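The analysis underlying the following values was restricted to heavy atoms, covering all of them including side chains, and did not include hydrogens, waters or symmetry mates. From a predicted model like this one, the values you see are computed outputs, not experimental measurements.
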Amino acid sequence: MSRSIAALERTLGVRLFDRNSRGVQPTEFGRLLLERGRRLLADEADLRREMLLVAGLEAGHLVVSAGPWPFEISVGTAVTRLLAAHPNLRVHARLIDPHDVGGEVRAGRADVGLVDVRFLGTDQDLLVDRLPSHGVIVACRPDHPLTKRVELQLADVMSFPIASTIIADESVNAMTSVVASLKSGEDVSLGELEPAIYVNSYDLARRIARSTDALVPGALNMLEDDIEAGRLVRLNVDLPAVRTQYELICRRDRSPSPAATAFMDLIRTVEAEVTAKEAVAGRIKRTPARRPRSRRR
C-alpha cells in the first residue's frame with residue numbers, strides 16, 4: 001500500500017499523507033482524495049448494478065417504430081409478451097407512416113423498425129432481417145352486396161372503395177392490373193396507392209368496413225377477431241400476387257441493447273406462429289367439402 005500511495009503522489013504531484021510518530025495523517029489533498037474517492041467507488045458500484053439490471057432486462061429502454069400493418073401482425077403481441085416477462089422495461093411502441101420508419105432507425109430515434117422492403121430501398125447503414133411473407137385477404141360487413149355473389153373476380157372487389165393505409169407498388173400493380181386491362185387493354189402501374197379511404201389506424205379501417213360498403217384488406221390475423229365474431233366476413237376472392245414483404249431493421253453501427261435483442265427474438269417467434277396459423281387456414285380452405293352420399297332405394 002505504501003508503494004501504491006507513493007506512486008499516486010508522484011502521478012498527482014502532491015503529498016497526500018503526512019507520516020510521523022503518531023502514524024499517517026491525510027493532508028488537505030489527501031482529504032479531498034478520500035472524499036471524492038468514496039463517491040467514485042459508490043458511483044462505480046451503482047454503474048455496475050445498473051449495467052447488470054439492463055443486461056438482465058430488469059431495467060432499460062426500447063423504442064420501436066412500425067407502420068400499421070406490422071403493428072397489427074406482430075408488434076403488438078411481441079411488445080405485450082416482452083412487458084409481461086420484464087415489467088420494469090420502458091417501451092415506446094410508435095405507429096408511424098411506413099415511409100418514415102427507415103429514417104427513424106437511421107437517426108437513432110428508434111432502436112428497431114419494421115417496414116415493408118418496398119418502402120425502405122437499399123441502405124448499407126442498416127441491418128436487415130427479412131420476415132415471413134403473409135397473404136392478404138379482403139373482408140366486408142356481413143350484409144355487403146358482394147356477399148350475395150357466389151363467385152367473385154378481382155374486378156368486382158376493386159369496384160368498391162378500399163379502407164386501408166398506403167399499399168406498396170407491387171401490390172397495387174397486382175390489384176389494379178385486372179381493372180386496368182378492362183378499361184384500356186393495358187396494365188397500368190400506379191406506384192403507391194392511397195386508397196379511397198386512407199387511414200393511419202387499422203382499427204379505424206375495420207370499423208369503417210363494419211358500417212359501410214368499404215372493403216378492408218389485411219393479413220389473416222389482422223381480421224380474424226372480427227370474422228370470428230361475425231362483424232366482418234371474408235370474401236371468396238384469391239389475391240395470390242398480393243403479399244407482405246416486411247423486414248426487421250436496426251442500425252449496423254450500433255450494438256442492439258438486451259431489450260432490443262429480446263424484442264427482435266419475440267418478433268421472429270410471433271411471425272412464425274402467424275405463418276403456421278395461415279398455413280392451417282389455407283389447408284382448410286383448399287379442402288373441398290364432401291358431398292353427402294345418395295342412398296339407393
Side-chain angles (χ1 to χ4, degrees), residues 1-67 70-71 74-97 100-115 123-129 247-270:
M1 182 174 288
S2 296
R3 286 195 296 269
S4 297
I5 292 173
L8 184 57
E9 288 178 330
R10 287 194 299 272
T11 300
L12 297 176
V14 296
R15 190 175 185 82
L16 298 175
F17 296 95
D18 289 327
R19 301 162 182 83
N20 51 44
S21 58
R22 291 176 299 177
V24 178
Q25 300 293 326
T27 65
E28 283 296 315
F29 298 111
R31 281 191 287 272
L32 177 62
L33 176 66
L34 290 173
E35 180 184 345
R36 293 291 184 88
R38 291 189 187 97
R39 283 190 240 162
L40 289 172
L41 290 174
D43 288 346
E44 181 193 18
D46 288 343
L47 179 60
R48 287 179 179 273
R49 177 178 176 277
E50 288 180 17
M51 286 187 171
L52 290 173
L53 287 174
V54 171
L57 295 181
E58 297 306 319
H61 185 225
L62 173 68
V63 179
V64 179
S65 291
F71 229 85
S74 55
V75 171
T77 303
V79 167
T80 301
R81 292 183 186 180
L82 181 67
L83 289 173
H86 308 285
N88 293 322
L89 284 177
R90 290 184 299 144
V91 177
H92 291 178
R94 301 196 299 220
L95 173 63
I96 64 175
D97 189 294
D100 299 330
V101 174
E104 288 286 297
V105 175
R106 292 185 199 99
R109 293 188 290 269
D111 302 301
V112 182
L114 281 87
V115 61
D123 195 323
Q124 299 299 321
D125 296 331
L126 298 176
L127 284 174
V128 175
D129 186 3
E247 295 179 330
L248 194 59
I249 62 173
C250 60
R251 277 176 51 167
R252 186 179 296 275
D253 62 347
R254 178 181 294 179
S255 298
S257 67
T261 300
F263 171 76
M264 290 189 287
D265 289 341
L266 282 170
I267 283 288
R268 297 182 186 101
T269 299
V270 173

* Structure fact -> Nearest heavy-atom contact between Leu127 and Arg252 is CD2-NH1, 3.4 Å

* To do: Can you tell me which residue pairs pass the side-chain hydrogen bond (donor to acceptor under 3.5 Å, both in side chains) test with a partner in residues 83-96, sequence neighbours excluded?
  => Arg94-Glu104

* Between the side chain of Arg251 and the main-chain N/O of Arg106, is any donor-acceptor distance below 3.5 Å? -> yes

* Asked: Are there more than 12 heavy atoms of other residues, nucleotides or ligands under 6.0 Å from atom CZ of Phe29?
  -> no

* Structure fact -> Between Leu34 and Pro26, the two heavy atoms sitting closest are CD1-CB, 4.3 Å

* Among pairs that include at least one residue of residues 76-89, which meet salt bridge (charged side-chain N to carboxylate O under 4.0 Å, His left out), considering only residues two or more places apart or in two chains? -> Arg81-Glu273

* Are any non-hydrogen side-chain atoms of Val112 and Met264 less than 4.5 angstrom apart? -> yes

* To do: State which residues pass salt bridge (Lys or Arg N to Asp or Glu O under 4.0 Å) with Asp265; sequence neighbours excluded, sorted by chain then number.
  => Arg268

* Taking side chain to side chain contact (heavy atoms under 4.5 Å, CB included) as the test, write out the residues that go with Leu33, two or more places apart. => Leu8, Leu16

* Closest non-hydrogen atom pair, Gly67 against Leu95 -> C-CD1, 3.5 Å

* Asked: Going by the side-chain hydrogen bond (donor to acceptor under 3.5 Å, both in side chains) test, which pairs reach into residues 26-35, not counting sequence neighbours?
  -> Glu28-Arg31, Glu35-Arg39

* **Test item: Leu82 and Leu62 side chains (from C-beta on) under 4.5 Å apart, heavy atoms** => yes

* Shortest non-hydrogen contact from Pro258 toward Leu57 -> C-CD2, 3.5 Å

* Phe263 to Ala78 - nearest heavy-atom pair and separation -> CE1-CB, 3.8 Å

* Asked: Excluding sequence neighbours, so at least two apart, what forms side chain to side chain donor-acceptor pair (under 3.5 Å) with Ser65?
  -> none

* About how many Å separate CD1 of Ile249 and CG of Asp129, when rounded to the nearest 0.5 Å? -> 11.5 Å

* Asked: Is there a side-chain contact between Val101 and Pro70 (heavy atoms, below 4.5 Å)?
  -> no

* Taking C-beta and beyond as the side chain, do Asp125 and Asp253 meet within less than 4.5 Å on heavy atoms? -> no

